[in-house]
Amino acid sequence: MAPTLAQRHLPRPARDWAEIQERMLVPLYEAVYERFEVGRHTHVLGLGCGSGLALVMAAARGATVTGTDTDEARLELARQRLLPEPQWGARHWSARVLPCEPDGGPDGAALREGPPPTLVTAFDALPEPAVLARVAEVAGRDTPVVLAGWGPAERCAAAPALRVAERLAEPRRAAGRCWRPGGRDDLEDLARRAGLRPDGSGRVACPFGYADLESAVRGLLSTGLYDAAVRATDEGQVTKELAEALRPHVRPDGTVWMQNLFRYVVAMT
């Protein structure tokens with residue numbers, strides 16, 4: 001799989017995302033890749049690719065992959081993961097990891113340098129409609145774009161812990177990412193605003209499992225959903241209240257387990 005990551009010089013949130021939290025969405029990645037039969041004839045463009053786990057999984061199926069993200073630390077980890085394994089020689093797929101422009105969208109010129117994507121994914125963070133519209137121009141007609149988000153709050157055991165961020169961030173929550181439970185047509189509405197045509201959907205169970213309470217706190221803090229709360233109070237306060245919200249999900253062996261539902265929509269360019 002991925003090469004060993006040299007992470008000591010990178011911020012802790014990026015390392016915690018790569019080591020703890022990113023894998024929680026593996027069932028979502030797998031479900032989408034199975035649905036579209038991702039393989040050696042696929043070029044996956046991952047918007048908000050994070051530290052690259054979803055790209056590595058697509059590449060393991062033989063796909064060509066391109067990723068872009070606004071977080072430079074996560075991008076550096078993705079670059080490391082997508083380097084060829086020295087002991088194996090060059091891989092049979094090609095990979096690119098691109099920074100984002102100031103508006104949060106991928107560099108359009110850089111995207112046009114490679115082959116057009118045949119599948120676009122936004123697994124972790126939903127792009128702005130203008131960004132999706134720009135990507136659609138590069139992808140060409142009838143390219144599927146997968147937009148993913150949380151399911152309804154009553155189907156997500158992590159909801160009380162995520163609401164800690166919303167409560168503590170007031171009134172600064174507009175200054176950064178924030179959690180929102182999925183509405184019935186939220187993803188479809190985003191697709192339409194970007195000029196895309198909704199063409200199907202799916203639901204995937206993504207349980208969040210952690211070795212212990214400390215790992216659960218670190219993993220959730222790495223999502224970026226608590227950044228505004230930390231700015232409004234302090235990290236100690238956020239950590240304390242988050243740990244309290246997670247205690248009902250601690251099992252007798254000390255592990256933490258929460259069942260969550262994610263939803264995705266397929267929209268065509």
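Since the structure is predicted, the reported quantities are computational estimates derived from the model, not experimental observations.
- Side-chain atoms of Phe36 and Val44, non-hydrogen and from C-beta on, never get closer than 4.5 Å to each other.
- Proximity of the aromatic rings of Trp257 and Phe208 is defined here by a centroid distance below 6.0 angstrom, and this criterion is not met.
- Annotation: side chain of Val135 is in contact with side chain of Pro106 (closest heavy-atom distance under 4.5 Å).
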Apply side-chain hydrogen bond (donor to acceptor under 3.5 Å, both in side chains) to the pair Glu22 and Ser51, showing each step before the final yes or no.
CA-CA 8 Å; Glu22 191 173 23; Ser51 49; 2.4 Å; yes
Given the rule in the side-chain contact (heavy atoms from CB on, under 4.5 Å) test, do Glu34 and Arg61 qualify, once you have shown the distances and angles that lead to the verdict?
CA-CA 10 Å; Glu34 283 289 331; Arg61 291 169 167 261; 2.9 Å; yes
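- Taking 4.5 Å as the limit, every side-chain heavy atom of Leu246 sits out of range of all side-chain heavy atoms of Tyr210.
- Two residues are said to be in side-chain contact when any heavy atoms from C-beta on lie closer than 4.5 Å; Arg35 and Val266 meet this criterion.
- Residue Tyr264 is grouped with residue Tyr29 when hydrophobic side chains (ILVMFWY) are merged at heavy-atom distances under 4.5 angstrom, including chains of intermediate members.
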One pair to check against side-chain contact (heavy atoms from CB on, under 4.5 Å): Thr66 and His43. What are the steps and the verdict?
CA-CA 8 Å; Thr66 299; His43 176 196; 2.8 Å; yes
Using the side-chain contact (heavy atoms from CB on, under 4.5 Å) rule, take Asp212 and Arg218 through it: C-alpha gap first, then chi angles, then the decisive distance, then the call.
CA-CA 10 Å; Asp212 50 39; Arg218 288 171 53 196; over 6 Å; no
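- Contact detail for Thr269 and Arg141: the closest heavy-atom pair is OG1-C, 3.4 Å.
- Asp71 has its side chain out of reach of Cys100: every pair of non-hydrogen atoms, C-beta onward, lies at least 4.5 Å apart.
- Aromatic ring orientation, Phe123 versus Tyr33: perpendicular (interplanar angle above 60°, classes split at 30° and 60°).
- Under a cut-off of 6.0 angstrom, the local environment of CD in Glu128 is sparse, with at most 12 non-hydrogen atoms contributed by other residues, nucleotides or ligands.
- A heavy-atom distance below 4.5 Å is not found between the side chains of Leu190 and Val265.
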